[in-house]
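What follows is a set of notes on a single structure, which appears directly below.
When reading the values below, keep in mind they use all heavy atoms of this one structure, side chains included, and skip hydrogens, waters and symmetry mates.
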Amino acid sequence: MSKINICFSSDNNYAQHLAVTLVSILENKSPDDEIFVYVLDGGILEENKNKILNLKNKYDFKIKFLPIDSNWHEKFPRGQKNHVTLATYYRLLLPELCPEVDKLLYLDVDLIVKSSLRELFATDIKDNYFAAVEDAIEELHCKRLGITTYCNAGVLLLNLKKWREDNLTEKIFDWMRNNSDIIRLHDQDVVNCVCRDNILKIDKIWNCQTSKYTYSKDFVKNILPKAKIIHYVGEYKPWQPNIRQISKQEYFKYLRLTDYKDYEKVYKTKLYPNILIYVIEKILRFIFSLQNKGTQKIMTILGLNFKIKKCN
């Protein structure tokens with residue numbers, strides 16, 4: 001048997017998405033994979049915990065909820081990304097919360113796993129703090145922070161043993177206190193800056209990031225089909241109506257296998273009215289519209305464009 005330690009971090013708002021990610025793992029695991037799940041619990045209600053625990057009626061895995069002391073919250077800077085909650089910082093506490101674990105695969109709950117995680121978990125981290133995939137816009141983040149490498153923190157193979165040996169958690173909190181003004185992407189910025197000399201980069205198939213930055217023919221044709229983990233990064237998520245998101249169908253495929261499957265009906269009721277409004281607006285713009293473009297106005301009548309020179 002191959003034991004795989006996996007950790008998620010979630011508050012009550014993301015419990016549904018945690019269930020979807022977990023099901024994708026359980027559906028695609030190898031028969032010999034032993035899945036041990038730790039959930040950093042940022043206030044998940046009992047109703048939602050029960051929905052997640054109900055998965056044990058169909059799948060063989062172990063799960064443990066780890067409550068987070070609310071006093072820890074004051075240690076974490078808010079940053080500027082509203083779609084990220086404080087729950088993302090909880091993984092920094094893992095060396096203390098899981099003292100019996102030396103190696104742990106941390107996964108965000110806005111992703112889908114498409115294969116067994118055995119190969120990834122077996123990666124030799126060597127003397128590094130973690131293994132991860134470079135961020136889709138690594139160059140921009142490196143320039144912003146003055147570093148040479150920057151990885152996405154949605155998939156982290158953590159060397160907790162080395163974290164404890166080097167007292168890394170305390171070093172991280174020290175860095176956060178001294179550099180809170182430059183933190184933009186929460187703990188992702190933090191771990192990339194503090195651990196920059198001890199990061200092992202791994203293949204992109206283990207964190208295929210889909211966002212507005214990755215929409216290209218090459219990505220869709222050559223990268224996405226090979227992905228073993230699809231990660232819906234950024235503020236646009238597949239469960240949001242009228243959001244263009246590659247591989248949105250993968251999310252709903254696994255949603256239907258959870259106790260949250262009724263959400264798809266709610267999603268569709270929100271989707272259709274918005275589509276109707278969009279279609280009406282398109283029709284009205286086709287009939288008549290007037291737009292400013294540089295020194296000219298563009299008038300559209302029944303789909304035909306006419307240029308009107310502006311007066312000085």
Side-chain angles (χ1 to χ4, degrees), residues 2 4 6 8 14 16-33 35 37 55 59 61 83 105-125 130-141 149-157 185 188 199-258 260-261 263-264 267-268 271:
S2 177
I4 303 175
I6 302 171
F8 301 106
Y14 267 66
Q16 171 181 309
H17 316 309
L18 163 58
V20 173
T21 300
L22 179 54
V23 165
S24 73
I25 294 170
L26 298 171
E27 279 285 309
N28 294 298
K29 76 181 188 71
S30 297
D32 291 337
D33 291 347
I35 306 297
V37 176
L55 295 173
Y59 304 101
F61 70 102
H83 70 279
L105 177 60
Y106 174 87
L107 299 175
D108 273 351
V109 295
D110 57 352
L111 56 79
I112 296 297
V113 176
K114 301 185 67 178
S115 75
S116 168
L117 294 170
R118 181 186 302 187
E119 180 185 349
L120 174 59
F121 193 75
T123 301
D124 184 2
I125 313 177
F130 62 83
V133 174
E134 65 187 50
D135 194 81
I137 50 173
E138 178 183 33
E139 186 177 346
L140 292 177
H141 293 312
T149 187
Y150 189 95
C151 290
N152 183 276
V155 178
L156 297 175
L157 185 59
L185 294 183
Q188 182 168 277
I199 298 174
L200 175 67
K201 282 192 176 182
I202 54 178
D203 197 294
K204 293 180 181 179
I205 62 173
W206 294 113
N207 188 352
C208 186
Q209 301 152 54
T210 69
S211 75
K212 60 185 177 182
Y213 301 108
T214 58
Y215 289 149
S216 68
K217 290 183 179 179
D218 178 65
F219 178 85
V220 174
K221 183 178 179 180
N222 300 316
I223 299 176
L224 190 59
K226 300 176 184 177
K228 295 189 176 182
I229 295 179
I230 298 175
H231 187 190
Y232 306 106
V233 298
E235 65 257 50
Y236 303 130
K237 306 299 183 184
W239 55 83
Q240 296 172 327
N242 302 308
I243 292 298
R244 179 175 178 247
Q245 180 57 265
I246 296 176
S247 294
K248 177 182 284 195
Q249 72 279 2
E250 292 285 342
Y251 175 85
F252 287 97
K253 170 184 173 181
Y254 295 108
L255 174 75
R256 298 180 193 114
L257 301 176
T258 74
Y260 296 95
K261 54 183 175 292
Y263 172 75
E264 190 166 10
Y267 171 86
K268 288 179 178 179
L271 179 67

Can you tell me how far apart [atom1] ([X]) and [atom2] ([Y]) are? Round to the nearest 0.5 Å.
X: I35; Y: F121; atom1: CD1; atom2: CZ; answer: 9.5 Å
X: S247; Y: L224; atom1: OG; atom2: CG; answer: 4.0 Å
X: N152; Y: D108; atom1: CG; atom2: CG; answer: 7.0 Å
X: L117; Y: I229; atom1: CG; atom2: CD1; answer: 5.5 Å
X: I223; Y: T210; atom1: CD1; atom2: OG1; answer: 12.0 Å
X: I230; Y: D110; atom1: CD1; atom2: CG; answer: 12.0 Å

Quick check: F130 with Y106 (ring centres under 6.0 Å apart)?
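Judged by ring-centre distance (under 6.0 Å), Y106 and F130 do not meet the cut-off.
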
Side-chain touch [X]/[Y], heavy atoms, less than 4.5 angstrom:
X: I25; Y: V37; result: no
X: V155; Y: V133; result: no
X: L111; Y: N207; result: no
X: W206; Y: S115; result: yes

Minimum heavy-atom separation for [X] to [Y], with atom names?
X: T21; Y: S24; answer: O-OG, 2.6 Å
X: C208; Y: F219; answer: SG-CZ, 3.5 Å
X: W239; Y: F252; answer: CA-CZ, 4.4 Å

Please enumerate all residues that pass side-chain contact (heavy atoms from CB on, under 4.5 Å) together with [X], with sequence neighbours excluded.
X: N28; answer: Y254
X: K201; answer: E134, E138, T149, C151
X: Q240; answer: Y236, K237, I243
X: R118; answer: S2, I4, S30, D32, D33, S116

For E27, check side chain to side chain donor-acceptor pair (under 3.5 Å) against everything at least two apart and list the hits.
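Per chain and number, E27 pairs via side chain to side chain donor-acceptor pair (under 3.5 Å) with Y59.
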
Quick one about Q188 and Y150 (side-chain donor to acceptor, distance below 3.5 Å, no hydrogens or angles considered), yes or no?
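Result is yes, a qualifying pair exists.
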
Just checking, is any N or O donor in the side chain of Y260 or H17 under 3.5 Å from an acceptor N or O on the other one?
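There is no such pair (donor and acceptor under 3.5 Å, judged by atom type) between the side chains of Y260 and H17.
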
Any chance you could lay out the side-chain contact (heavy atoms from CB on, under 4.5 Å) test for L156 and L107, step after step, and finish with the verdict?
CA-CA 7 Å; L156 297 175; L107 299 175; over 6 Å; no

Over 60° means perpendicular and under 30° means parallel, so tell me whether Y232 and Y251 are parallel, tilted or perpendicular.
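Because their plane-to-plane angle is over 60°, the rings of Y232 and Y251 count as perpendicular.
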
Residues in salt bridge (charged side-chain N to carboxylate O under 4.0 Å, His left out) with E119, at least two apart?
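Salt bridge (charged side-chain N to carboxylate O under 4.0 Å, His left out) list for E119, sorted by chain: K228.
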
Could you go through the side-chain contact (heavy atoms from CB on, under 4.5 Å) check for L200 and L157 one step at a time?
CA-CA 9 Å; L200 175 67; L157 185 59; over 6 Å; no

Does the pair L257 and L55 meet the rule for a side-chain contact (heavy atoms from CB on, under 4.5 Å), with working shown?
CA-CA 9 Å; L257 301 176; L55 295 173; over 6 Å; no

For L255 and Q16: C-alpha separation, side-chain torsions, deciding distance, then whether side-chain contact (heavy atoms from CB on, under 4.5 Å) applies.
CA-CA 8 Å; L255 174 75; Q16 171 181 309; 3.9 Å; yes

Above 12 or not: heavy atoms from other molecules or residues under 6.0 Å from CD of E264?
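It does: E264 CD has more than 12 such atoms within range.
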
